[in-house]
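A short write-up of the structure that comes next.
In the text below, chain A, chain B and the rest are named by the order of the sequence lines, each starting its count at 1. FYI, side chains are in, hydrogens and waters are out, and symmetry mates aren't considered; it's all heavy atoms of this structure.
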There are 2 protein chains.
Amino acid sequence: MRRKRLNKAACPIARALDVIGDWWSLLIVRDAMRGTTRFSDFHKSLGMSKNILTRRLRTLTGQKILELVPAADGTAYQEYRLTDKGRSLYPVLMSLALWGQDNAPTNGPKSHLVDREHGQPVRGVNVIASDGRILKAGETRMVRTG
Amino acid sequence: MRRKRLNKAACPIARALDVIGDWWSLLIVRDAMRGTTRFSDFHKSLGMSKNILTRRLRTLTGQKILELVPAADGTAYQEYRLTDKGRSLYPVLMSLALWGQDNAPTNGPKSHLVDREHGQPVRGVNVIASDGRILKAGETRMVRTG
DNA sequence: CCGTATCCATTCCGATACTG
DNA sequence: CAGTATCGGAATGGATACGG
């Protein structure tokens, strides 16, 4: 029996997870956001088998999160680039990064998030109401639309 | 061969995904944030088999994202409650919800996120630098800490 | 009501070898 | 470089039946 599909769920969280809620997709998008574009570079960075990388890249391009375009460097190859839809996953990745920094420790080497311009740590990720207020857990709810 | 464990990864995104990057965990946390506490209520809401729900709840309590406490209503049962660590996943869920609203459409009924007080749509999720600036994709990077 | 215990199908993932 | 082909092991997920 297959996994339950959530792409028809009313809840946008469930639908989002149906698209990018698997182990590798967000890591591929993370690399793409750093500037990775080539198959071999994803492969080296992620250490996954080429087999699965192929499948994931195909899914992500199918979802229009990545697109396959002629390589910018003039070689005969192609490269994977983030679309706007993919780039809009930025807050998802950043909130995951901040949560991981604080709540998923490791003894080994670790990195943390800084802003590129000043090198200072990122302060946080805020949920903003339409009037500009910062919303906390419990101050939002979901309402039925259609 | 097992899935590659990412709990020793330097990247906090990878470590975060190692903990909560599976299909069901974030949906359980979502329900918990709405106030769901009881096994049967999670079960009804998620429509998954009790088998797996048990496993996931155990993992989440093991990770201290949920905790099992005596039921508040005086019954002999227990209930699952979010810890602070669990509640701090709020920005992750919200950014997923906003992404899903815009990028994972459905023909069926759908919900969207509003702030509880005024019922207005949530504006967005912002990444905030230490000096208060709002950061966009490409304006952050990861640096090695330890 | 809140789970556990089995059983089974599917999917995921990794390793390796091979191709244009 | 960028995949494809094949294999096998592992984890996931569902159905069902059962127990405290």
Using residues 24-32 of chain A as the side-chain source, report each donor-acceptor pair under 3.5 Å to any protein atom, sequence neighbours left out, with the distance given to one decimal.
unit_1	atom_1	unit_2	atom_2	d
A:Ser25	OG	A:Asp22	OD1	2.4
A:Asp31	OD1	A:Arg34	NH1	3.1
A:Asp31	OD2	A:Ser45	OG	2.5

To the nearest Å, how far apart are B:Met48 CE and D:dG13 C1'? 8 Å

Please work out if B:Ser49 contacts a base, only the sugar-phosphate, or nothing of the nucleic acid, heavy-atom cut-off 4.0 Å. base

Rounded distance in Å - CZ (A:Phe42) to C1' (D:dC1): 15 Å

Nearest non-hydrogen partners of A:Arg58 and A:Thr61, listed with the distance: O-OG1, 2.9 Å

Check salt bridge (Lys or Arg N to Asp or Glu O under 4.0 Å) between A:Asp41 and all other residues, then give those that pass, not counting sequence neighbours. A:Lys44

Of the listed D:dT12, D:dC1, D:dG14, the closest approach to the B:Arg56 side chain comes from D:dT12

Distance check needed: D:dA11 C1' versus A:Ile52 CD1, whole Å only. 13 Å

Sequence neighbours excluded - salt bridge (charged side-chain N to carboxylate O under 4.0 Å, His left out) pairs with any residue from residues 89-106 of chain B: none

Among residues two or more places apart or on two chains, list those pairs meeting salt bridge (charged side-chain N to carboxylate O under 4.0 Å, His left out) that have a residue in residues 65-81 of chain A. A:Arg38-A:Asp73, A:Glu79-A:Arg81

Partners passing side-chain hydrogen bond (donor to acceptor under 3.5 Å, both in side chains) against B:Gln63 (at least two apart in sequence or in another chain): none

Restricting both atoms to N or O, compile the protein contacts to nucleotides 3-6 of chain D shorter than 3.5 Å, with distance only.
unit_1	atom_1	unit_2	atom_2	d
D:dG3	OP2	A:Tyr80	OH	2.9
D:dG3	N7	A:Lys50	NZ	3.1
D:dG3	O6	A:Lys50	NZ	2.5
D:dT4	OP1	A:Arg58	NH2	2.9
D:dT4	OP2	A:Arg58	NH2	2.8
D:dT6	O4	A:Asn51	ND2	2.5

For the pair made of CG in A:Asp22 and P in C:dC12, what is the distance, rounded to whole Å? 8 Å

Respond yes when some side-chain nitrogen or oxygen of A:Arg38 is under 4.0 Å from OP1 or OP2 of D:dA2, and no when none is. yes

Listed by chain and number, what are the salt bridge (Lys or Arg N to Asp or Glu O under 4.0 Å) partners of B:Arg87, not counting sequence neighbours? B:Asp84

Could you state the atom-to-atom distance from CG of A:Asp73 to C1' of D:dC1 in whole Å? 12 Å

Does any part of the side chain of A:Phe42, heavy atoms only, come nearer than 4.5 Å to the side chain of A:Met48, both counted from C-beta? no

Length of the CG-C1' vector between A:Leu6 and D:dG13, whole Å: 12 Å

Enumerate, atom names and distances included, each donor-acceptor pair closer than 3.5 Å involving a side-chain atom of residues 138-146 of chain A, sequence neighbours excluded.
unit_1	atom_1	unit_2	atom_2	d
A:Glu139	OE1	A:Lys136	N	2.9
A:Thr140	OG1	B:Tyr90	OH	2.7
A:Thr145	OG1	B:Lys110	O	3.4
A:Thr145	OG1	B:His112	ND1	2.5

Return the value, rounded to whole Å, for the distance between atom CD1 of A:Ile28 and atom C1' of C:dC12. 14 Å

Which of these nucleotides, D:dA2, C:dG14, C:dC1, is closest to any side-chain atom of B:Ser40? C:dC1

Using whole Å, what does the distance between atom P of nucleotide C:dC13 and atom CG of B:Asp18 come to? 13 Å

Toss me the dot-bracket line for DNA chain D: Watson-Crick and G-U wobble, both under 3.5 Å, 5' to 3', using | for pairs to another strand and [ ] for crossers. ||||||||||||||||||.|

